[in-house]
Trainee: 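Let me give you the structure first, and then I'll get to my questions.
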Amino acid sequence: MSEQTTDSIPLADTFGFEGPSESGLCSATFYAFNTVVTLQAYATDSCSASARQEDAATEARSAKDLCGIFEAARDRCRFFENRLSRTLSRSDISRLNNAGGAWVEVCKETYELLRHSLRYCEESGGVFDITMGSVVRLWDFHQGVIPDEGDIAEALAHVDWHTIKLGMREELNPRNNICRRPRFSVRIADPMASVDVGGTAKGYIADDLGKLLQNNGLSSYVINLGGNVLAHGLKPQGEPWRVGIQDPRASRESGNILGAVPLENASAVTSGTYERCFTRNGRAYHHILDPKTGLPVQTDLAGATVIARTSLDAEGYSTTLLALGKDAAVRFVRTHEMILAAYLVNDEGQMIIVARE
């Protein structure tokens, strides 16, 4: 099934940098993956406030360097966008979806993301499936479009993550004809199936950006990819970063939260029925779709926030918990050691905290 694609990235050149503040905090903001990305770090996180006051020139140079590091992170996001977007015609995912079942050579990062994503599909027990692309594109949650039942049934016939096949081979490097280098390829056995990595990509990317910041000497930072939050280290005063738990009764833009939790060397990711939804004839329709029905999943949860060491795990499990519902989600957390804690919220805003024992 052919996917409608484009060749442009919205607001690709947008980049804002602020700081340092009195505490030394610098922030960068840009647009990627159809959401706002925010990066924060301290320009002189190894110095006290008095030291910064005594050496303003050092702080300024540090802030300039930090701006350059954040720009490199923005460029890395563009790398991922050009490979993982379902709508960019040149991306690995777009080429895969339009290959008609043929093998497609992809970059290492795309291969790794798909490999991890298949694990989350398997562990979810059927409530999470990255081959929902053909169903997802039938819905338009911005315009409030409900697909025809027949179209949904036709698309569901091609939803099965088992049809994704991964391949890797080694070949001689033509530069020296000695060293071997890996080549990665993927195919979808069902030529009508369509992959959508929207439920795992931002987590994978956040972890990658964290490595970039650390490789550039940053020990304390926060990465926020439209609600996917990864925090590392402590603030200069020795305090952990804190992330808010979204109130499912309010929009993300409202900033309304039910509470805040400390985050150190970990990630917090929330899946919620409030993120993209509309109401028609008194019935609410949200974007978390059931792979069995193609309709919004029936759940007694409005939001699920997962705390994990990696953002990939946090995102990979958050949608599953939301779709499972409260009781099954609690059991899931208890049996998956990668989940450090989960915050489950119902439609009334009541929160259940599930922590590993």
Trainee: Would you check if the side chain of Asp129 reaches a backbone N or O of Pro291 as a donor-acceptor pair within less than 3.5 Å?
Mentor: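 No, Asp129 side chain to Pro291 backbone: no donor-acceptor pair under 3.5 Å.
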Trainee: Within a reach of under 6.0 Å around CD of Glu18, are more than 12 heavy atoms found that belong to other residues, nucleotides or ligands?
Mentor: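 12 or below, so no.
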Trainee: Looking only at atom types and distance, does a side-chain atom of Asp92 sit under 3.5 Å from a main-chain N or O of Val106, one as donor and one as acceptor?
Mentor: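 Not a single qualifying donor-acceptor pair exists.
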Trainee: Answer yes or no: is there a donor N or O on one side and an acceptor on the other, between the side chain of Arg187 and the main chain of Gly101, under 3.5 Å?
Mentor: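 Confirmed, Arg187 side chain pairs with Gly101 backbone.
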Trainee: Please check if the side chain of Arg309 supplies one atom and the backbone of Asn265 the other of a donor-acceptor pair under 3.5 Å.
Mentor: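 Looks like yes, one N/O pair under 3.5 Å.
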Trainee: Assess the side chains of Gln40 and Ser27: does a donor N or O sit below 3.5 Å from an acceptor N or O?
Mentor: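 Yes, Ser27 and Gln40 have a side-chain donor paired with an acceptor closer than 3.5 Å.
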Trainee: Is atom CD of Glu337 surrounded by more than 12 heavy atoms (other residues, nucleotides or ligands) closer than 6.0 Å?
Mentor: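 At most 12 heavy atoms, drawn from other residues, nucleotides or ligands, come within 6.0 Å of this atom.
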Trainee: side-chain contact (heavy atoms from CB on, under 4.5 Å) between Thr110 and Val186: does it pass, once the steps are laid out?
Mentor: CA-CA 9 Å; Thr110 300; Val186 185; 5.5 Å; no
Trainee: With distance as the sole criterion, is a donor-acceptor pair present between the side chains of Tyr221 and Gln214 under 3.5 Å?
Mentor: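 Per modelled atom types, Tyr221 and Gln214 side chains form a pair under 3.5 Å.
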Trainee: Please check: side-chain N/O of Asp208 versus main-chain N/O of Tyr204, any donor-acceptor pairing under 3.5 Å?
Mentor: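 Not a single qualifying donor-acceptor pair exists.
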Trainee: Ignoring hydrogens and geometry, is there a side-chain-to-backbone donor-acceptor pair from Thr131 to Asp160 under 3.5 Å?
Mentor: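 Side chain of Thr131 to backbone of Asp160, a donor-acceptor pair under 3.5 Å: yes, one is there.
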Trainee: Does a donor on one side chain and an acceptor on the other come within less than 3.5 Å for Ser311 and Ser267?
Mentor: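 Distance-only check passes for Ser311 and Ser267.
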Trainee: Given 3.5 Å as the limit, does a donor-acceptor pair link the side chain of Arg280 with the main chain of Gly144, or not?
Mentor: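 Yes, the answer is positive, given that a donor and an acceptor are paired below the 3.5 Å cut-off.
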Trainee: Is the backbone of Leu234 close enough, under 3.5 Å, to the side chain of Ser220 for a donor and an acceptor to pair up by distance?
Mentor: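 Between the backbone of Leu234 and the side chain of Ser220 there is a qualifying donor-acceptor contact (under 3.5 Å).
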Trainee: Set out, in order, the CA-CA distance, both residues' side-chain angles and the distance that settles side-chain contact (heavy atoms from CB on, under 4.5 Å) for Asn346 and Asp300, then state yes or no.
Mentor: CA-CA 6 Å; Asn346 63 20; Asp300 57 358; over 6 Å; no
Trainee: Checking Ser91 side chain against Ser85 main chain: does a donor-acceptor pair fall under 3.5 Å?
Mentor: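 Side chain of Ser91 to backbone of Ser85: a pair is present.
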Trainee: Which is it for Thr299 and Ile288 under the side-chain contact (heavy atoms from CB on, under 4.5 Å) test, yes or no, and what are the steps along the way?
Mentor: CA-CA 10 Å; Thr299 177; Ile288 308 296; over 6 Å; no
Trainee: Hey, are Arg183 and Glu105 close enough for a salt bridge, meaning a charged N less than 4.0 Å from a carboxylate O?
Mentor: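 Salt bridge present between Arg183 and Glu105.
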Trainee: Does the separation of the ring centres of Tyr317 and Phe332 fall below 6.0 angstrom?
Mentor: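 Yes, the ring centres sit under 6.0 Å apart.
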Trainee: Under the side-chain contact (heavy atoms from CB on, under 4.5 Å) rule, what do His116 and Thr200 come out as? Steps first, then yes or no, please.
Mentor: CA-CA 9 Å; His116 287 296; Thr200 53; over 6 Å; no
Trainee: Does a donor on one side chain and an acceptor on the other come within less than 3.5 Å for Asn97 and Ser194?
Mentor: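 There is such a pair between these side chains.
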Trainee: With under 30° as parallel and over 60° as perpendicular, where do the rings of Trp139 and Phe278 fit, or are they tilted in between?
Mentor: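 Plane angle between 30° and 60°, so tilted.
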Trainee: Hey, are Asp313 and Arg119 close enough for a salt bridge, meaning a charged N less than 4.0 Å from a carboxylate O?
Mentor: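 Yes, this pair counts.
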Trainee: Counting C-beta onward and ignoring hydrogens, is there a side-chain heavy-atom pair between Ile352 and Lys326 closer than 4.5 Å?
Mentor: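 In contact.
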